[in-house]
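One structure below.
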Amino acid sequence: MSTSNIKHLVNIASLSNDEFISLINNAQHFKTIYKSGNISKIKSNHEKLLGKTIALLFSKRSTRTRISSEGASAFFGAQPMFLGKDDIQLGVNESMYDTTKVISSMVSCIFARVNKHQDILDLAKDSSAPIINSLCDKYHPLQAITDIMTIKESFGYTKGLKLAWIGDANNVINDLAIAALKSGINVSIAIPESVKFDSDVESDAVKLANETGVKFEILNDPIEALNNANVLVTDTWVSMGDESKKIEKLKQFNGFQITKELIEKGKVNENWKFMHCLPRHPEEVDDIVFYSPNSVVFQEAENRLYAAIAVINGFVINKGDLLK
Ligand code: CP
Ligand code: NVA
């Protein structure tokens with residue numbers, strides 16, 4: 001039986017532009033509160049989920065997503081409950097359906113990190129609590145919310161900027177491309193010819209670009225994608241689960257490492273910023289760029305916390321009314 005009246009965070013495309021922008025504004029608002037030390041505001045938020053629990057159903061490793069969702073739970077007074085793949089009966093003694101029914105009957109929401117996107121859809125179909133997609137093979141909405149927040153903080157605006165993605169085509173860029181287009185940011189993606197961009201995401205992106213006049217292109221040449229870019233982004237070339245393809249992938253991405261030389265050849269905008277969801281490996285970006293003053297990777301990582309707070313506020317406390 002579907003519990004269709006609950007709003008879940010499945011991906012960025014399933015949010016209206018206003019809902020998405022509201023999440024960004026709220027993430028910034030909660031960052032201000034969090035950093036202000038204003039005890040009365042912190043206390044009033046802390047009481048909102050006091051005595052409740054939030055489950056983190058994670059079938060893959062995580063540093064940022066785990067810490068930010070646990071921290072965001074604590075911000076609202078909820079007890080986070082980490083359920084790693086070796087902790088519970090799921091997949092060994094119990095089905096996904098039974099597990100979803102049981103967990104969701106006892107918690108305020110479920111942050112779920114899974115392998116296949118279908119697992120997120122199955123969870124959302126059967127859960128009586130909101131499901132927050134915390135990374136699947138196809139999407140990573142918490143990262144995309146964070147990244148647009150970080151771009152807005154770095155430039156003071158988003159409309160008219162250009163984002164160049166140099167790397168693989170999966171979860172992170174799939175949501176980031178849609179998030180950027182919703183924010184008025186032009187998107188140029190460079191992927192090797194042998195890498196296929198997801199056709200659903202491409203059609204969502206082309207539709208958005210046609211509606212808004214914001215540019216979206218998929219190229220194979222990193223130098224062309226970098227031209228006049230303000231925001232340079234990449235991700236690992238070997239995603240979790242792809243470890244056995246490492247040698248093949250390193251060959252496939254030859255020429256895609258973001259280096260000072262590549263940035264110079266690409267003639268990026270002089271006030272460029274570098275972003276990466278992390279964890280980072282030196283093959284996709286060299287140390288000079290990664291640790292340069294133009295790199296905002298650690299600010300981006302910290303912002304995961306405020307994005308998670310905004311998501312709990314919208315999907316749990318405001319029961320899916322993201323415009324509240
Ligand atoms: N960026 C990100 O999701 O990092 P983790 O895998 O460490 O959660
Ligand atoms: N594309 C990466 C993102 C990690 C946050 C992966 O799926 O492993």
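As the structure lists them, so they are numbered: ligands from 1, and atoms in each ligand from 1. Every heavy atom of this structure was used, including side-chain atoms; hydrogens, water molecules and symmetry mates were not.
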Please tabulate, one line per pair, the protein nitrogen or oxygen atoms found under 3.5 angstrom from a nitrogen or oxygen of ligand 2, with distances to 0.1 Å, or say none if there are no such pairs.
{"from": "ligand 2", "atom 1": "1 (N)", "to": "N171", "atom 2": "OD1", "distance (Å)": "2.9"}
{"from": "ligand 2", "atom 1": "1 (N)", "to": "D235", "atom 2": "OD2", "distance (Å)": "2.7"}
{"from": "ligand 2", "atom 1": "1 (N)", "to": "S239", "atom 2": "OG", "distance (Å)": "2.8"}
{"from": "ligand 2", "atom 1": "7 (O)", "to": "N171", "atom 2": "ND2", "distance (Å)": "2.8"}
{"from": "ligand 2", "atom 1": "7 (O)", "to": "S239", "atom 2": "OG", "distance (Å)": "3.4"}
{"from": "ligand 2", "atom 1": "8 (O)", "to": "M240", "atom 2": "N", "distance (Å)": "2.8"}

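Ranking the protein heavy atoms by distance from atom 6 (O) of ligand 1 puts R113 NH1, 2.8 Å first. Remark: minimum distance from atom 3 (O) of ligand 1 to any protein heavy atom is reached at H140 NE2, 2.8 Å. The protein heavy-atom contact nearest to atom 4 (O) of ligand 1 is R64 NE, 2.9 Å. In this structure, the protein non-hydrogen atom closest to atom 7 (O) of ligand 1 is T63 N, 2.7 Å.
Distances below 4.0 Å separate heavy atoms of T65 from the following atoms of ligand 1: 2 (C), 3 (O), 5 (P), 8 (O). Heavy-atom contacts of L278 reach the following atoms of ligand 1: 1 (N), 2 (C), 4 (O) (cutoff under 4.0 Å). Using a 4.0 Å cut-off to heavy atoms of C277, the atoms of ligand 1 that qualify are 1 (N).
At a threshold of 4.0 Å, the pair K138-D198 counts as salt-bridged, since one of the basic side-chain nitrogens sits closer than that to a carboxylate oxygen. A salt bridge is defined here as a Lys NZ or Arg NE, NH1 or NH2 lying under 4.0 Å from an Asp or Glu carboxylate O, and D287 with K260 fails to meet this definition. Classification of D242 and K249 as a salt-bridged pair holds, one side-chain N sitting under 4.0 Å from a carboxylate O. Taking 4.0 Å as the cut-off between side-chain N and carboxylate O, K215 and E217 count as a salt-bridged pair. We find that E19 and K182 are not joined by a salt bridge, their nearest charged nitrogen and carboxylate oxygen being 4.0 Å or further apart.
Ring centroids of F76 and H46 are separated by 6.0 Å or more, keeping the two rings apart.
Contacts of R280 with ligand 1, taken as heavy-atom pairs under 4.0 Å, are absent altogether.
Counted by atom type alone, S194 and Q252 present one or more donor-acceptor pairs between their side chains at under 3.5 Å.
Pairs of residues two or more places apart, or lying in two chains, never qualify as ring pair (Phe, Tyr, Trp, His ring centres under 6.0 Å) while including a residue from residues 169-204.
In this structure K207 satisfies the salt bridge (Lys or Arg N to Asp or Glu O under 4.0 Å) test together with E211, sequence neighbours excluded. Partners of F82 under the ring pair (Phe, Tyr, Trp, His ring centres under 6.0 Å) rule, at least two apart in sequence or in another chain, are F58.
Using a 4.0 angstrom heavy-atom cutoff, R304 counts as in contact with ligand 1.
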